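Just below is one structure, and these are the notes that go with it.
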Amino acid sequence: MESGVPLAVVLTLVGIAAPTAAWWASRGRRRRSAHRSAPPFDGLGGAMALALEGDIEGASRLVRRSADRVGRHPDHVVAWVALNRAAGRPAEALAVVERLLAAAPVAPRWLRALQVRLLLDAGEPVAAAEAARATADLPPDLAVAALARAGAWTEARTVWRAVKPRPGHWAQTLAALDAGVAAERAGAGDERGARRALKRALSASPPPVSALVVGEALARTPGEAARFAARLAARLHGGRSLSEGSGIDETALDAARQAYEAGRVEAALGGLRDALDRAPSSWPMRAQYATWLVAHGEAADWRAELMELGAVLAVRPTERRWACEACGHVAEEPWGVCPRCDAIDRLTPAPMGPLAAVRAPSMAGAQLDDLRRLAGGARPAGPG
């Protein structure tokens, strides 16, 4: 070469420089990529930011790194458990908590509470109740919910009265717990105790939904069961009928019942018939009308009512959802204990629509049907 630099030297320099440049460029790209993908914050703050943006896995990684760095602080454990539940990994969340419980010389209250909550969410109310009994200072709402969902309503009522000795604002909750006690005692064969507890539950104004459920289950006659069913339908459907746009006429129903109790059967039936002409799909009124008609009407009256009932049911909506008045949780089955926030008897009808795309807690032991089964002698237990 004219420059006097040997060709071999030039090739050697090029051979060294090219890989070095490629490595440097690659390193720069990795650094820029890492910079672009890194969250603006670290630790729990960054995890919350990622979780709110829908990146549950990224949030989990941040919490795990943060926990490894600073230790098993309660905030990190709670965040780790919450993210596992949100990601649909309740078993992993429960395993973390139980490992920490096994390693702790004295299990802290907050960790025991997490264990009970996760057992309920996993559909294991009996195990949750056992864990609640083993923790003297558990939050009372959680302890009451665990015991009630396991069918131990008498224990749940005792716990509640220990922290709320005077009913006051909590009268409705106490009445709902009394309804559960009635179901528990009926299931154990104690009819007198069941009737006594049910009477206390029904004395609340208005009586809780759970009391109407148990009242229907323990009714002595078909007529009594029908009356409880009518009141229950009115409550569960928010004072509205099963068909959109028509509701119960409370004045007409009360007047008809007063007439019936006074022995004026024809006047009672006539009053309800006029009310049903105005609102043909009002289930509480129709249930009462059909009950009286079967007892006092003729075969032709039964046939006419059956034909009309068939027409009404043909347009009855079959889908319904329920919401918790305390926390807003929505599910497709009515409950006596909210599976999310543990509120007792705070149920209200909810409009139809898409359910939130999050993992719903287990309904095991929480549904109104669990109370019905308990009143019949079967304790709710296991996944539901």
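Only a predicted model underlies this, so the values are computations on that prediction, with no experimental measurement involved.
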- [ ] Return the minimal non-hydrogen interatomic distance between W322 and E333, and the atom names on each side.
- [x] CD1-C, 3.4 Å
Open item on the list: Between D137 and R112 (salt bridge meaning N to carboxylate O under 4.0 Å), is one present in this structure?
Closed with: no
Open item on the list: Looking at L94, is its backbone amide N or carbonyl O close enough to the side chain of R99 to form a donor-acceptor pair, meaning the two atoms are under 3.5 Å apart?
Closed with: no
Open item on the list: How long is the straight-line distance from CG of L293 back to CD of E298, given to the nearest 0.5 Å?
Closed with: 9.5 Å
Task: Distance in Å, Q115 CD paired with L138 CG, rounded so as to fall on 0.5 Å steps - done: 10.0 Å
Task: Shortest non-hydrogen contact between A129 and A150, atoms and distance - done: CB-CB, 3.6 Å
Task: V214 with W160, same ILVMFWY side-chain cluster at under 4.5 Å - done: yes
- [ ] Over all heavy atoms of both residues, which pair between R109 and P139 is shortest? Give the atoms and the distance, please.
- [x] NH2-CG, 3.4 Å
- [ ] Fit a plane to each ring of H329 and W335, take the angle between them on a 0 to 90° scale, and name the class: parallel (under 30°), tilted (30 to 60°) or perpendicular (over 60°).
- [x] tilted
- [ ] For Y260 and H296, run side-chain contact (heavy atoms from CB on, under 4.5 Å): C-alpha distance rounded to whole Å, both residues' side-chain angles, the deciding distance at 0.1 Å, then the answer.
- [x] CA-CA 11 Å; Y260 186 85; H296 302 283; 2.9 Å; yes
Less than 3.5 Å apart, which donor and acceptor atoms pair up between the side chains of residues 197-211 and the rest of the protein, not counting sequence neighbours?
from: R200; atom 1: NE; to: D178; atom 2: OD1; distance (Å): 3.2
from: R200; atom 1: NH2; to: D178; atom 2: OD1; distance (Å): 3.0
from: S203; atom 1: OG; to: R200; atom 2: O; distance (Å): 2.5
from: S210; atom 1: OG; to: D345; atom 2: OD2; distance (Å): 2.9

TODO: Please check if L174 and L142 belong to a single hydrophobic cluster, counting links between Ile, Leu, Val, Met, Phe, Trp and Tyr side chain heavy atoms closer than 4.5 Å.
DONE: no
Open item on the list: I'd like to know if the side chain of E184 reaches the main chain of T154, judged simply by a donor and an acceptor atom lying under 3.5 Å from each other, with no hydrogens or angles considered.
Closed with: yes
TODO: Just do the side-chain contact (heavy atoms from CB on, under 4.5 Å) check on F228 and L218 with the steps written out, would you?
DONE: CA-CA 10 Å; F228 274 115; L218 301 184; over 6 Å; no
TODO: Apply side-chain contact (heavy atoms from CB on, under 4.5 Å) to L119 and E130, showing your working.
DONE: CA-CA 10 Å; L119 285 169; E130 290 300 326; over 6 Å; no
TODO: First locate atom CH2 of W153, then atom CD1 of I344, and finally report the distance between them rounded to the nearest 0.5 Å.
DONE: 5.5 Å
Open item on the list: Can you tell whether the side chains of E155 and R133 come within less than 4.0 Å, N to carboxylate O?
Closed with: yes
Task: Presence of salt bridge, E305 and R286, under 4.0 angstrom - done: yes
Task: Gap separating the CG atom of D274 from the CE atom of M285, nearest 0.5 angstrom - done: 10.5 Å
TODO: For L272 and A256, work out which heavy atoms get closest and say how close.
DONE: CG-CB, 3.7 Å
Open item on the list: I'd like to know if the side chain of D370 reaches the main chain of G365, judged simply by a donor and an acceptor atom lying under 3.5 Å from each other, with no hydrogens or angles considered.
Closed with: yes
Open item on the list: Rounded to the nearest 0.5 Å, what separates atom CG in L269 from atom CZ in R264?
Closed with: 12.0 Å
Open item on the list: Would you say L177 ends up clustered with L374 if hydrophobic residues are merged whenever their side chains have heavy atoms under 4.5 Å apart, either directly or through other cluster members?
Closed with: yes
- [ ] Indicate, with yes or no, if V116 and L100 share a hydrophobic cluster defined by side-chain heavy-atom contacts under 4.5 Å among Ile, Leu, Val, Met, Phe, Trp and Tyr.
- [x] no
Open item on the list: Once rounded to the nearest 0.5 Å, what's the spacing between atom CD of E224 and atom CD of E216?
Closed with: 10.5 Å
Task: Nearest heavy-atom neighbours spanning A186 and A194 - done: N-CB, 3.7 Å
Open item on the list: Working note: Q288 + L253, criterion side-chain contact (heavy atoms from CB on, under 4.5 Å); need CA distance, chi angles, decisive distance, verdict.
Closed with: CA-CA 8 Å; Q288 185 65 87; L253 185 56; 4.1 Å; yes
Open item on the list: Quick one, V97 and L111 - any side-chain contact, counting heavy atoms below 4.5 Å?
Closed with: yes
Task: Atom of A326, atom of C341 and distance for their closest heavy-atom approach - done: CB-SG, 3.9 Å
Open item on the list: Quick check on the hydrophobic clustering: are V163 and V159 connected, directly or via other members, by side-chain heavy-atom contacts under 4.5 Å?
Closed with: no
